[in-house]
Amino acid sequence: MSGKEEKNKLDCIKVPPDKINKEEIPSIVEERTSERTAQEVLKKTMEEGIQTVWERFEKQQPSCKFCATGVSCQRCAMGPCRIMGGEKVRGVCGADADIIVSRNLLSWMATGAAAHSDHGREVAETLLQTARGKAPGYGITDNAKLNALAEEYGVKTDDDKETAERLAISMLEEFGTLKGSLKMMERMPEGTFNLLEASGLMPRSIDREIVEAMHRVHMGVGADYVDMVAHGVRASLGDGWGGSMIGTEISDVLFGTPTIGKSKVNLGVLKKDQVNIALHGHNPVLSEMIVKLAAEPELIQRAKDVGAEGINLVGLCCTGNELLMRKGVPQAGNHLSQELVITTGALEAMIVDYQCIFPSLPYTAACYHTKLMTTSPKAKIPGGDHYTVNPENAFEQSKKMLEIAIDNYPNRMVERILIPENPVESIVGFSVEALRSALGGSLKPLLDLIIKGDIRGAVGVVGCNNPKIKQDHGHVTLAKELIKRNIIVVETGCAAVACGEAGLMLPEAADMAGDSLAAVCRSLGIPPVLHMGSCVDNTRILVLAAELARLAGVRMDQLPVAGAAPEWYSPKAVAIGAYFVGSGISVALGVMPPITGSPNVVNLLTEGFDGVVNAKFWVEPDPVKAAEILAEHVEAKRSGLGI
Ligand code: SF4
Ligand code: MSK
């Protein structure tokens with residue numbers, strides 16, 4: 001189905017008045033979020049009695065012990081089964097805790113890998129349509145990157161359009177390739193590549209490993225928990241070094257490789273006298289078109305005609321991060337702020353693509369004048385207005401949505417508006433290319449600083465928010481603790497938004513770093529916490545680590561680096577964690593996955609993989625303790641290298 005479909009009239013979901021004790025609101029707000037502007041808007045939201053993710057989270061407590069520990073199974077109609085109470089307790093088919101837990105985990109890994117890789121596929125399809133002249137309004141922005149990628153794939157020609165077409169086809173073939181390997185795995189240093197090959201974890205194609213994962217979780221197929229989880233790592237590696245990496249690289253080709261620049265973050269980026277439009281989700285294909293069209297004089301005039309001073313686009317989650325990195329579009333917030341952007345009362349429209357979008361948003365929007373517009377046929381939300389967008393029609397559909405948003409401006413309920421003050425400035429845009437050029441054309445100076453010890457190591461702090469953890473507390477505390485120990489922090493996703501909002505992405509944040517890291521940051525004019533992009537852009541961290549390892553002549557697992565996801569919620573984060581570990585980068589999780597029903601699976605992840613890929617997971621909810629673990633790991637790796 002395409003085009004606009006009927007909007008259901010929804011009722012605003014309110015918290016029953018007898019459930020609100022107004023005196024308790026300030027302390028509850030304090031417990032739920034540590035971000036200043038989120039606190040301000042959440043307080044107003046609670047006073048207005050509007051339901052948010054936190055009320056829904058509370059209603060779900062206490063959570064089911066079987067589900068929380070991963071020992072419930074709904075994989076077939078002989079069940080559902082729930083098992084607890086020793087080795088002899090089994091599901092109807094005979095599955096024990098190891099089987100049920102590993103099947104559930106593999107299913108999450110496959111889900112996460114599928115989500116990010118499908119995003120990558122859509123970006124590559126956009127390149128193909130652009131090259132064929134079938135995507136009006138799109139073009140190639142970074143020709144140098146196009147040609148470098150084409151060289152890598154062996155498809156470079158003298159004509160950029162032909163090169164783009166051939167590159168897009170080669171990349172799309174990676175999803176179901178018969179070659180039995182993925183091109184970009186060759187970016188790994190030789191030692192890491194060989195280790196993976198020897199361990200049997202090399203993905204054969206992107207889609208194949210995901211499909212095989214879904215096959216393995218069917219009743220009567222996978223029954224060996226080690227094989228199951230190992231396959232999850234293989235499917236995740238196919239995402240990290242395949243689908244997601246294609247997403248990042250081709251987004252750069254189409255929309256520009258990020259360069260270092262300034263922008264602003266937090267809910268204060270909304271503007272009182274402008275038409276505010278939030279762009280939410282993950283894929284930049286639509287939102288880049290909207291950014292382009294919002295600058296059209298015709299649309300700006302339309303905004304003035306309805307009494308506004310202009311059009312103000314703001315980002316949310318990773319669509320926001322994509323735009324922030326490339327275009328400096330201000331970022332309104334991360335995952336747990338998506339409802340709060342609406343409850344400011346100042347948002348004319350939220351336009352979403354897919355992933356991490358609460359299905360409740362149309363109900364939140366119904367409490368105000370906000371229009372919630374969905375655009376992906378994969379992610380329609382009942383109650384939202386749907387406008388199917390594809391590369392062929394993005395130009396006209398984006399214009400239509402912008403017009404609807406503008407025309408909605410006079411419907412604001414002015415007395416209910418609260419826009420917090422003082423958005424925080426952030427330095428953003430640290431692609432590997434931008435870093436390399438800031439360092440004079442090579443990453444060697446960074447490696448030298450690590451060898452010398454001025455920078456002890458690097459940690460990628462990534463991932464989401466989760467209402468189980470006070471919003472942003474895990475990210476910000478962990479980042480502060482790491483930089484204090486002279487460990488540079490690179491970030492993506494909601495973690496990056498959190499640290500931007502906390503002022504850690506300003507050069508002045510060097511004052512919070514240890515002496516030697518602070519001196520490095522001051523001399524380069526960079527913050528100690530670097531924004532590297534969206535969730536698919538975790539591949540930038542892989543590329544950075546691979547290049548450092550190559551320069552040093554070591555495997556990736558030998559580097560003094562690690563990953564962390566202090567507030568993760570998404571199966572995509574599980575896939576990211578798995579492809580980090582599979583690549584030799586150990587990861588600290590702040591939230592325990594539902595696996596504790598199988599001590600064997602827990603041991604495999606926290607110890608067993610160390611013997612195969614020289615990397616593992618830790619689970620540590622306390623970000624201060626997590627920083628200690630990570631710092632110890634960094635120092636151990638340094639000792640291993642004799643530096
Ligand atoms: Fe129960 Fe086995 Fe079916 Fe799962 S697969 S629901 S454990 S019978
Ligand atoms: S948006 S996957 S909540 S980081 Fe990428 Fe944030 Fe996690 Fe979504």
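In what follows, residues are counted from 1 in the order of the sequence shown. Every number for a ligand or one of its atoms is a count from 1 in the order of the listing.
- Remark: ligand 2 atoms within the under-4.0 Å shell around heavy atoms of H335 are 3 (S).
- Not one N or O on the side chain of T477 forms a donor-acceptor pair closer than 3.5 Å with the backbone of G474.
- No side-chain donor-acceptor contact under 3.5 Å links R75 to the backbone of M219.
- Heavy-atom contacts of C535 reach the following atoms of ligand 2: 2 (S), 4 (S), 5 (Fe) (cutoff under 4.0 Å).
- The parts of C464 lying near ligand 2 are both backbone and side chain, judged by heavy-atom distances below 4.0 Å.
- Every atom of ligand 2 with a heavy atom of G463 under 4.0 Å away is listed here by number and element: 4 (S).
- Residue A564 comes nearest to L478 through the heavy atom pair CB-CD2, 3.5 Å, listed as atom of the first residue, atom of the second, then distance.
- Within a 6.0 Å sphere centred on OH of Y363, heavy atoms belonging to other residues, nucleotides or ligands number 12 at most.
- Between the side chains of S598 and D98, at least one donor N or O lies within less than 3.5 Å of an accepting N or O.
- Residue contacts to atom 2 (Fe) of ligand 1: C81 brings no N, O or S atom closer than 2.8 Å.
- By the criterion of a heavy-atom distance under 4.0 Å, the side chain of R103, and not its backbone, is placed next to ligand 1.
- With ligand atoms numbered from 1 in the order given, ligand 2 contributes 1 (S), 3 (S), 4 (S), 6 (Fe) to contacts under 4.0 Å with heavy atoms of C494.
- Within the listing of ligand 2, atoms 1 (S) sit less than 4.0 angstrom from a heavy atom of C317.
- Residue-level proximity to ligand 2 for H282 is carried by the side chain, the only part with a heavy atom below 4.0 angstrom.
- Short contacts between ligand 2 and C356, defined as distances under 4.0 Å to a heavy atom of the residue, involve ligand atoms 1 (S), 2 (S), 3 (S), 8 (Fe).
- Ranked by closest heavy atom to atom 2 (Fe) of ligand 1, the top entry among A95, C93, G94 is C93.
- The main-chain N or O of C317 is found under 3.5 Å from a side-chain atom of Q331 such that the two form a donor-acceptor pair.
- Under the 30°/60° scheme for interplanar angles, the aromatic rings of W108 and W568 are found to stand perpendicular.
- Donor-acceptor pairing under 3.5 Å is lacking for the side chains of E567 and N466.
- The only member of L340, L372, V341 that meets side chain to side chain contact (heavy atoms under 4.5 Å, CB included) when paired with L347 is V341.
- The atoms of ligand 2 that sit less than 4.0 Å from any heavy atom of C318 are 1 (S), 5 (Fe).
- In terms of protein heavy-atom proximity, atom 3 (Fe) of ligand 1 is nearest to C76 SG, 2.4 Å.
- Judged by distance alone, the side chain of E322 and the main-chain N or O of N283 form no donor-acceptor pair under 3.5 Å.
- Which parts of ligand 1 touch M219 is read off a 4.0 Å heavy-atom cut-off, strictly below it: atoms 5 (S).
- For ligand 1, the atoms lying closer than 4.0 Å to a non-hydrogen atom of C73 are 4 (Fe), 5 (S), 6 (S), 7 (S).
- Listed by number with element, the atoms of ligand 1 under 4.0 Å from a non-hydrogen atom of V92 are 8 (S).
- Looking at D537 and S534, their side chains do bring a donor and an acceptor atom within 3.5 Å of each other.
- Contact annotation: for W568 versus ligand 2, there are no heavy atoms closer than 4.0 Å.
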